[in-house]
Amino acid sequence: MSTSVSASAAAAAALLPILTGRRSPPASRVPGISRRRIGSNPRLFSSSAPSPVLPAAAMATDGAAPDAGSKNKLLVFDTKEDLAVSLAKYTAELSEKFAAERGAFTVVLSGGSLIDALSKLTEPPYLESVDWSKWHVFWVDERVVPKNHEDSNYKLAFDGFLSKVPIPPGQVYAINDALSAEGAADDYEACLKQLVKNGVIAMSAATGFPRFDLQLLGMGPDGHIASLFPGHPLLNEKERWVTYIKDSPKPPPERITFTFPVINSSAYIAMVVTGAGKAGPVQKALSDKQTSSDLLPVEMAVLHDGEFTWFTDKPAVSMLQNK
Ligand SMILES: O=C(O)[C@H](O)[C@@H](O)[C@H](O)[C@H](O)COP(=O)(O)O
């Protein structure tokens with residue numbers, strides 16, 4: 001059982017009644033293919049269908065917000081299992097779409113609980129049906145530690161996901177762990193630039209930054225995403241693709257991270273956020289009271305031209321819903 005909410009950046013979804021009895025369309029549809037718009041008000045759906053992934057056509061709002069809010073969605077799941085099933089279907093469908101359209105699928109991972117949420121992709125039917133040879137895997141942020149260190153996001157992803165699927169090892173782009181934070185950020189940015197030249201990574205003509213096909217992100221209880229923390233000067237980086245931080249409030253202190261211009265140039269973002277500890281930032285991000293002065297990092301993740309889907313559970317949206 002799940003609930004899907006249209007979630008423009010300005011949508012006060014909490015204020016809407018839940019409409020029942022509407023089933024989601026067949027889950028084989030790839031979100032974002034159709035662009036039909038259905039009106040100016042945010043809509044909220046409750047669905048008993050096994051997959052809550054609704055096409056953008058059904059979820060779109062009509063420019064209620066001045067950003068890409070018309071392609072934002074909020075999915076709320078009863079269980080981690082339901083979330084993982086839906087996230088696997090969503091990712092597999094995008095893999096098929098981008099493999100067909102551009103012969104490559106560029107996927108960006110974060111650390112944290114996201115990796116567990118990808119577990120269903122390592123099982124049938126996806127293990128066999130996904131064309132893993134098209135995948136190119138990147139990290140939105142990485143801790144500057146050796147790849148075999150317990151703090152390494154690469155190790156987390158390798159142990160929990162990458163070692164279980166047949167992605168060609170040369171298409172998994174870990175940081176150079178022999179370098180300093182500065183050096184690793186420069187090196188990673190140079191690697192991305194080369195892959196743009198080779199046509200593996202798309203470019204956004206609109207922003208001039210790389211356009212990853214799918215970024216699979218988590219959010220911390222303080223509203224941070226990637227290694228972009230509240231109030232940190234890196235939030236304002238406008239030139240670099242990849243930068244570094246040496247004073248991360250979340251240990252370990254030294255990290256590299258994508259910048260907002262890169263995050264916001266993506267074609268798709270899945271923001272996977274569960275648990276009551278995240279309810280505050282979720283509420284802030286999805287409320288219509290955004291001001292430019294005190295934005296949390298998660299609120300600054302606004303796609304220039306893409307589709308942003310929140311994969312959440314009920315505790316995470318508990319401050320949004322009508323009681
Ligand atoms: O390097 C990191 O520290 C992670 O990439 C981090 O940004 C993570 O994605 C969030 O903190 C959410 O983590 P959880 O989902 O485990 O809360």
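Atoms within each ligand, like the ligands themselves, are counted from 1 in listed order.
Judged purely by atom type and a 3.5 angstrom limit, Thr257 has no side-chain atom pairing as donor or acceptor with the backbone of Thr243.
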Short N or O separations between ligand 1 and the protein, below 3.5 Å:
residue, atom, partner, partner atom, Å
ligand 1, 1 (O), Asp141, OD2, 2.8
ligand 1, 1 (O), Arg143, NE, 2.8
ligand 1, 1 (O), Asn153, ND2, 3.0
ligand 1, 1 (O), Arg255, NH1, 3.1
ligand 1, 3 (O), Arg143, NH2, 2.9
ligand 1, 3 (O), Lys250, NZ, 3.0
ligand 1, 3 (O), Arg255, NH1, 3.1
ligand 1, 3 (O), Arg255, NH2, 3.3
ligand 1, 5 (O), Gly111, N, 2.9
ligand 1, 5 (O), Asp141, OD1, 2.9
ligand 1, 5 (O), Asp141, OD2, 3.2
ligand 1, 7 (O), His224, NE2, 3.0
ligand 1, 7 (O), Ala226, O, 3.0
ligand 1, 9 (O), Ser110, OG, 3.4
ligand 1, 9 (O), Gly111, O, 3.4
ligand 1, 11 (O), His224, NE2, 3.0
ligand 1, 11 (O), Lys250, NZ, 2.8
ligand 1, 15 (O), Ser113, N, 3.2
ligand 1, 15 (O), Ser113, OG, 2.5
ligand 1, 15 (O), Lys278, NZ, 3.4
ligand 1, 16 (O), Ser113, N, 2.9
ligand 1, 17 (O), Lys278, NZ, 2.6

Just list the side-chain donor-acceptor pairs under 3.5 Å for residues 192-205, sequence neighbours left out, or say none.
residue, atom, partner, partner atom, Å
Lys193, NZ, Glu189, OE2, 3.1
Gln194, NE2, Asn198, OD1, 3.3
Ser204, OG, Ala206, N, 3.3
Ser204, OG, Thr207, N, 3.0
Ser204, OG, Thr207, OG1, 3.1

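With sequence neighbours excluded, the residues forming a side chain to side chain donor-acceptor pair (under 3.5 Å) with Trp135 are Ser95, listed by chain and number. Not counting sequence neighbours, the partners of Ser248 by the side chain to side chain donor-acceptor pair (under 3.5 Å) test are Arg255.
Counting all heavy atoms, side chain and backbone alike, His136 lies closest to Ala104 at CD2-CB, 4.1 Å.
Classification of the Tyr188-Phe258 ring pair by plane angle, with boundaries at 30° and 60°, yields tilted.
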